[in-house]
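Below is one structure; the comments refer to it alone.
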Amino acid sequence: MRKFMRLAGGAVALLIAASALAADPAKVLRISFPVAETGFDPVRVSDLYSNTVNEAIFERLLTYDYLARPAKIVPLTAESLPEVQDGGRTYILHLKRGIYFTPDPAFKGKRRELVAEDYVYSFKRFADPKNRSPWAFMLEGHIDGLDERIAEAKKSGKFDYDATIPGMVALDKYTLRFKLKEVDYLFPYTLAHIPFGAVAREVIEAYGDDAQAHPVGTGPYMLKEWRRAAKIVLEANPEYRKVVWDFKATSDPWDKDVVAAMKGKTIPEIGRVEISIIEEDQSRWLAFSRKELDWLALPATFRQQVFDASNKVKPEWTDQGVTIFKSIDPDVAYTFFNFRDPIVGGFSKEKIALRRAIIMGYDLDEEIRVIRKYQAVQAQMPIPYGVVGFDPRYRSINQYDPVLANRLLDYFGYKRGPGGYRTLPDGKPLVLKQATGTSATDREFNELWKKSMDAIGIRMEFQQGKFADHLKQAKACQLMMWGAAWIADYPDGENFMQLLYGPNTGQSNNGCYESKAFDAMYDKARALPPDSIERDHLFIDMTRQMEVDGAWSLHVSRERNQMIRPWVKGYKKHPILHAEWMYMDLDLAGGGRS
């Protein structure tokens, strides 16, 4: 634990003073999401876009330094980093005083201060079986006394929020104590994880199941308008405490301009954030080209319109003052198989052979070259570049090899029938059904999958639907196959390996993969410190296990080319945080904006 604290320590970047209105309502940031949100109750949502909004509304005890790389934990509502006792099993945190929730009718006209009990209540909500939280796995099995309350709630049908849980206690109005069942070197990451921001009990009880439409937090922004799957409008919290921007530049040359633009300013500066849901790449591209969006993650389809043959930004963009922020996101894109599905699931040799053949039959090179226009790199293991546990020397055993895929299918009895398509070993039809969206990019992926599977004699069909609907089905183990992506919640490989951990089925393990061998290695790795060589070796062994089982068709880590208009100041993509606008500003006096 001492080694973790050295990693996470350092000077606190946020200077707190009296409450003050910093944001200028005339400063309106216009951005887009490529996928619709699902709601704004932190305990219930797991998608990136809903959590990006929640990050700006709800505040955690800890957060991350905006500029530090690798990502470094710093206090947010806590006065300092946790006091670690009992050999790493007990964490004591003291809250800053004078932090208030935004006004809401649930408070009956009273100004409501954030207190330690709010975090106790918020954490309990993740354990309430009624909420079916996708983040429950981060607390289950870790907090002293919590599992017993969960078991009681499952029997009675009601979680007792008033019962004392020894592992989560408010010692006084501003002091929290967490007691863990075992040493957990990653617990500070839980405290900094976006969904673990504080909610007020009065608000949740007032709105019930509709709490997702009434997010009330202590953060720098409030939800002003929400048209589902169309538009989200946030406004700066007029009662947000004064926070002064004081982050330190790293060796990255990009930081110089960021610090020059922001140092000494009050957070937040931007008064209004308008988020449009624009699913089609072409529509987002046109909106940015017309200066209707202030930044854009460059869609691969339009890469050639921005970069020339020597990979330099074309003059038509530099003349407009557009800059490009480049990075490899700490994420992996993959397609999972449902291990409970009667066609592709299970651990029999013929089922493993089928999945391995599908993986080896998929033309990943064409995905990178044609669909992603080289804005991605092949993912060799579930842990991506830039995350603790990534091994740059590792190479996947499941490389593209349609010849071997065909031989594997032949050997295990998947015979070709009329029309060249294969049947199951028992002679019944073999048809893969993959969930998909409706965008033009989705159609490109569908075409590549069909072409790849045709080459090895497997018929493939696509089930179109909305992301939110597919996500619900995945949680219930009802999708045969689905393409997914996971971006780091915290900068440690465990965050990616937990996607394959059997007990997380129904939460974050959407493939419902339940391997006793993998789970045993995961449990062992979870008990080791992040700098352990033994843990790194376990990550390699776990990767081999999921590859041998054919758990995922592992695809890419995506390259980000963020196009930024010149009036946007202070932007730097953070590897963990996503609502960067709270640390930014807009300079609209210079003109050029439509």
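Keep in mind that what you see is a predicted model, and the values were worked out from it rather than measured.
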Find the distance between CG (Asn51) and CG (Asn54) and round it off to the nearest 0.5 Å.
5.5 Å
Check: Phe187 ring centre within less than 6.0 Å of Tyr91 ring centre:
yes
Quiz: residues 332-346 side-chain donor-acceptor pairs under 3.5 angstrom, not counting sequence neighbours:
{"unit_1": "Asn338", "atom_1": "OD1", "unit_2": "Arg340", "atom_2": "N", "d": "2.9"}
{"unit_1": "Asn338", "atom_1": "ND2", "unit_2": "Cys477", "atom_2": "O", "d": "2.8"}
{"unit_1": "Asn338", "atom_1": "ND2", "unit_2": "Leu479", "atom_2": "O", "d": "3.2"}
{"unit_1": "Arg340", "atom_1": "NH2", "unit_2": "Glu514", "atom_2": "OE2", "d": "3.4"}
{"unit_1": "Asp341", "atom_1": "OD2", "unit_2": "Ile343", "atom_2": "N", "d": "2.8"}
{"unit_1": "Asp341", "atom_1": "OD2", "unit_2": "Val344", "atom_2": "N", "d": "3.2"}

Check: Leu191 and Phe196 side chains under 4.5 Å, non-hydrogen atoms:
no
Any side-chain donor-acceptor pair under 3.5 Å between Ser133 and Gln507?
no
Checking Arg422 against Asn406: is there a side-chain donor and acceptor pair closer than 3.5 Å?
yes
With a 6.0 Å cut-off on ring centres, are Phe247 and Tyr583 close enough?
yes
Determine whether the side chains of Asp549 and Tyr513 contain a donor N or O and an acceptor N or O closer than 3.5 Å.
yes
Taking the six-membered ring where the residue is Trp, are the ring centres of Tyr362 and His555 under 6.0 Å apart?
yes
Less than 3.5 Å apart, any donor N or O on the side chain of Gln498 or Ser508 sitting next to an acceptor on the other?
yes
Tightest non-hydrogen contact, residues Pro42 and Pro195, listed as CB-O, 3.3 Å
Measure the shortest side-chain to side-chain distance between Thr52 and Trp581 over non-hydrogen atoms and say whether it is less than 4.5 angstrom.
yes
So, Asn561 and Glu559: side-chain donor and acceptor under 3.5 Å apart, yes or no?
yes
Shortest non-hydrogen contact between Gly145 and Ile165, atoms and distance
C-CG2, 3.8 Å
Could you tell me which residues satisfy side chain to side chain donor-acceptor pair (under 3.5 Å) with Glu83, sequence neighbours excluded, listed by chain and number?
His94
Closer than 4.0 angstrom, basic N to acidic O: yes or no for Glu534 and Lys524?
yes
Is the shortest side-chain heavy-atom distance between Phe539 and Arg535 below 4.5 Å?
yes
Between Tyr119 and Thr77: side-chain donor-acceptor atoms closer than 3.5 Å
yes
Distance-minimising heavy-atom pair for Tyr64 and Ala192
CE1-CB, 3.9 Å
Scan side-chain atoms only and decide if Asn495 and Trp486 contain a donor-acceptor pair under the 3.5 Å cut-off.
yes
Using only heavy-atom distances, determine whether the side chains of Ser122 and Arg125 contain a donor-acceptor pair under 3.5 Å.
no
Are the ring centres of Trp482 and Phe467 closer than 6.0 Å?
yes
Apply salt bridge (charged side-chain N to carboxylate O under 4.0 Å, His left out) to Glu367 and Arg372, showing your working.
CA-CA 6 Å; Glu367 174 185 327; Arg372 297 192 183 275; 2.8 Å; yes
Gln399 and Gln378: side-chain donor and acceptor closer than 3.5 Å?
yes
Verify whether one side chain among Asp523 and Tyr501 offers a donor that lies under 3.5 Å from an acceptor in the other.
yes
Just by distance, with hydrogens left out, do Gln434 and Thr436 show a side-chain donor and acceptor under 3.5 Å apart?
no
Can a salt bridge be assigned to the pair Asp252 and Arg69 using a cut-off of 4.0 Å between side-chain N and carboxylate O?
no
Could Asp329 and Arg560 be called an ion pair, given the rule that one side-chain N must be under 4.0 Å from one carboxylate O?
yes
Please round to the nearest 0.5 Å and tell me the distance separating atom CD of Gln562 and atom CG of Leu296.
7.0 Å
CE (Met381) and CG (Leu554) are apart, to the nearest 0.5 Å, by 9.5 Å
Before accepting this row, confirm whether a basic side-chain N of the pair Asp363/Lys451 lies closer than 4.0 Å to the acidic partner's carboxylate O.
no
Mind listing the closest non-hydrogen atom pair of Arg395 and Arg544 along with its distance?
O-NH1, 3.2 Å
Tell me whether Asp41 is salt-bridged to Arg44, with the criterion being a basic N under 4.0 Å from an acidic carboxylate O.
yes
